[in-house]
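What follows is a short report on a single structure.
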There are 2 protein chains.
Amino acid sequence: MTKRIPLTLDSVRCSTCGLGQFCLPVGMAAEDAGRMDELVQQRVRLARGESLFRFEDGLDAVYGIRFGTLKTYLELADGRQQITGFHLPGEIVGLDGLGRNSHASTAIALEDSEVCVIPVRDLSSLANHLPSLQRQLMRLMSRKIEQDQQMLLSLGTMRAEERLAVFLVSLSERLAARGYSSSAFVLRMSREEIGNFLGLTLETVSRLFSRFAKSGVLRIQQKQVEIVDMAALRRLAGPHC
Amino acid sequence: MTKRIPLTLDSVRCSTCGLGQFCLPVGMAAEDAGRMDELVQQRVRLARGESLFRFEDGLDAVYGIRFGTLKTYLELADGRQQITGFHLPGEIVGLDGLGRNSHASTAIALEDSEVCVIPVRDLSSLANHLPSLQRQLMRLMSRKIEQDQQMLLSLGTMRAEERLAVFLVSLSERLAARGYSSSAFVLRMSREEIGNFLGLTLETVSRLFSRFAKSGVLRIQQKQVEIVDMAALRRLAGPHC
DNA sequence: CGACGCGTTGATGAGATTCAACATGTGTGG
DNA sequence: CCACACATGTTGAATCTCATCAACGCGTCG
């Protein structure tokens, strides 16, 4: 089960967290960012495969990822699923439910992970006193819209090879922004999950990886990826990257 | 060119507008909704084909549609476009730019249309004093996220026939909610635009319309659509509708 | 060890795109 | 108000991309 971890006085807080530059306090003055500390009173530890929240659960909190990787997805009545995002440390998940008072998606940990609990009650009331927080929330949501629309563009207009290339470039950039290597990383998600996210089958994804490897763009060993020729990968990705 | 129309004291205002139930004031107490009236000081008239804003334009305002239909789309460096939404009266367009201070998409009128100008400066400052407006903005943005994610699901998992059926059912429902007929309406967008939105070619859309007509689900005369057998259409749409 | 999850690879086929020709509608200028 | 041009829509045939079905390899875990 999920473990709830209460924070003590000497725990790392938002104001001292290295992820601040990606997370909720982005772009807030130090003084305002300090107020975030009141907000986060506990964390949740998730084992791989555990869910953080499920579609239509009550929306008690949104969550900032401290470490680990999550996926969020929608589900159809007939069981078909669509993954709507893979989420890295510093990202906030659950925002898509803010307007309806219940979660609009399901979130699952792809590896052992830890998230900061941000209770929506406290978040809204603090936001009412803190315009900079308000703006930041807006910014996060509108960025999520942009991001989803970029995916629409990808699913709507791009072919398989292009989609996978864009996926890899963008993952690489997000990891690099967080201080990880941009050229060598571990895919926390399965071929099937990548395929689902990109609107492809797992076989197609596997074949494309093989093809990229054969042409010398990537080196692949199971989930371990190394981008050998970033320029070529960007070329495959088309005019996005 | 776009015509700017200043509002006079006796113009219809938010508090007296019939679209209130879809637009910005949704779910706000009458007293708070009254404050909206200060916000909208002018409207803009658009001829068919005119743009309301373009990608990366400065974000001076967001817009509530008073009458007409707009499309919003993204554009790639190589000219490929992806339509991200068709917008009906009562909907707010431009919210996707709120986080970046510039527009994240381009908006074009599909027919002669009129929109209410909502200056973002005034909107933010009013929102800071009016928690109910703040919440409404959140709600609108998170609904847009949900909507885009629904489209991701559609593009990622559904086949052509299903997508078009879902499109028609959802358009029908949105029109019905606005007091129009749910079974007979005019498509303001071309086959090409529908195809682009759904990730299909215009030929495929045309063929599907013909097939739906032949099987007795629809009657089609150019842009005039009549849904003859809604139950069958919902069946084609799969487990969404 | 055997079972199971995950990934790879090949053969085949379906669904959608592309190319092309034609039909119909719409708008403009004479 | 008609004629012509151009945009939009329809339909057919060939083609291609990707999905499906299937077999098999590898690694992990009870």
Side-chain angles (χ1 to χ4, degrees), chain A residues 47-49 71 78-83 108 110-112 154-168 186-215 218-226 236 238, chain B residues 47-50 69 71 79-83 108 110-112 154-168 186-215 218-225 236 238:
Chain A
R48 178 180 173 188
K71 67 171 173 180
D78 65 352
R80 274 183 291 185
Q81 299 183 344
Q82 174 67 40
I83 295 176
I108 305 257
L110 294 179
E111 58 180 324
D112 295 354
S154 162
L155 292 184
T157 74
M158 300 177 9
R159 46 187 68 273
E161 194 176 74
E162 242 172 323
R163 291 184 212 176
L164 187 62
V166 170
F167 172 73
L168 289 171
V186 175
L187 297 170
R188 300 299 176 177
M189 63 296 286
S190 68
R191 303 288 188 263
E192 179 163 25
E193 287 166 329
I194 296 172
N196 178 295
F197 183 58
L198 298 176
L200 304 169
T201 58
L202 67 96
E203 293 97 326
T204 301
V205 173
S206 179
R207 278 185 244 277
L208 286 173
F209 273 130
S210 303
R211 200 195 302 170
F212 286 178
K214 195 169 299 178
S215 69
L218 300 180
R219 248 196 292 277
I220 306 243
Q221 223 170 1
Q222 290 122 232
K223 312 216 148 195
Q224 181 68 44
V225 177
E226 188 189 341
L236 287 169
Chain B
R48 181 182 169 184
E50 273 187 320
T69 313
K71 67 171 173 181
R80 274 184 290 185
Q81 299 183 344
Q82 174 68 40
I83 295 177
I108 304 260
L110 294 178
E111 59 180 322
D112 295 354
S154 163
L155 292 185
T157 74
M158 302 179 4
R159 45 191 63 271
E161 194 176 76
E162 242 172 323
R163 291 184 211 177
L164 187 62
V166 171
F167 172 73
L168 289 170
V186 175
L187 297 170
R188 301 300 177 177
M189 64 296 286
S190 68
R191 303 289 188 262
E192 178 163 27
E193 287 166 329
I194 296 173
N196 179 295
F197 183 58
L198 298 176
L200 304 169
T201 58
L202 67 95
E203 292 97 324
T204 301
V205 173
S206 179
R207 278 185 243 277
L208 286 171
F209 272 130
S210 302
R211 200 196 301 172
F212 286 178
K214 195 169 297 180
S215 69
L218 301 180
R219 248 195 293 276
I220 306 242
Q221 220 170 2
Q222 294 122 227
K223 313 216 148 196
Q224 181 69 44
V225 176
L236 288 170

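Below, chains carry the letters A, B, ... as their sequence lines are ordered, and counting in each starts from 1.
- Of all non-hydrogen atoms in A:I194 and A:M189, the two that sit nearest each other are CG1-CG, 3.4 Å.
- Here B:I108 contributes atom CD1 and B:T69 contributes atom OG1; the two are 13.5 Å apart, rounded to the nearest 0.5 Å.
- Residues A:E193 and A:S190 meet the side-chain proximity criterion, which asks for heavy atoms closer than 4.5 Å.
- Relative to the axis of its first five pairs, the axis of the last five pairs of the helix from C:dC1-D:dG30 to C:dG30-D:dC1 sits at 40°, rounded to 10 degrees.
- Residues B:N196 and B:Q82 form a side-chain contact, since some pair of their non-hydrogen atoms from C-beta on lies under 4.5 Å apart.
- Following rounding to the nearest Å, B:Q221 (CD) and C:dT26 (P) show an atom-to-atom distance of 11 Å.
- Between the P atom of C:dT8 and the CZ atom of A:F212 lies a distance of 13 Å, rounded to the nearest Å.
- Between the side chain of B:R191 and the backbone N or O of B:L202, no donor-acceptor pair lies under 3.5 Å.
- In this structure, the separation between CG on B:L200 and CZ on B:R159 is 11.5 Å, given to the nearest 0.5 Å.
- Proximity of A:E162 to A:L236: side-chain heavy atoms (C-beta onward) are nowhere separated by under 4.5 Å.
- Separating the CZ atom of B:F209 from the C1' atom of C:dA23 is a distance of 18 Å, rounded to the nearest angstrom.
- The closest side-chain heavy-atom distance from B:R188 to B:K71 is not below 4.5 Å.
- Atom CD1 of A:I220 is separated from atom P of D:dC26 by 18 Å (rounded to the nearest Å).
- With a 4.5 Å cut-off on side-chain heavy atoms, A:L198 and A:V166 do not count as touching.
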Every protein N/O lying under 3.5 Å from an N/O of nucleotides 15-18 of chain C:
unit_1	atom_1	unit_2	atom_2	d
C:dA16	OP1	B:A160	N	2.7
C:dT17	OP1	B:T201	N	3.4
C:dT17	OP2	B:T201	N	3.3
C:dT17	OP2	B:T201	OG1	3.1
C:dT17	OP2	B:T204	OG1	2.3
C:dT18	O4	B:R207	NH2	2.8

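- Note: CZ (B:R188) to P (C:dT26) measures 13 Å, nearest angstrom.
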Extract from the structure each pairing of a protein N or O with an N or O of nucleotides 5-7 of chain C at less than 3.5 Å, listing the distance.
unit_1	atom_1	unit_2	atom_2	d
C:dG7	OP2	A:R191	N	3.1

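- Side-chain atoms of B:F209 and B:L168, non-hydrogen and from C-beta on, do get closer than 4.5 Å to each other.
- When all heavy atoms of B:V205 and B:L164 are compared, the pair lying nearest together is O-CD2, 4.3 Å.
- One atom, CG of B:N196, and another, C1' of D:dG9, lie 17 Å apart when rounded to the nearest Å.
- At whole-Å resolution of the value, NZ in A:K214 and C1' in C:dT8 are 11 Å apart.
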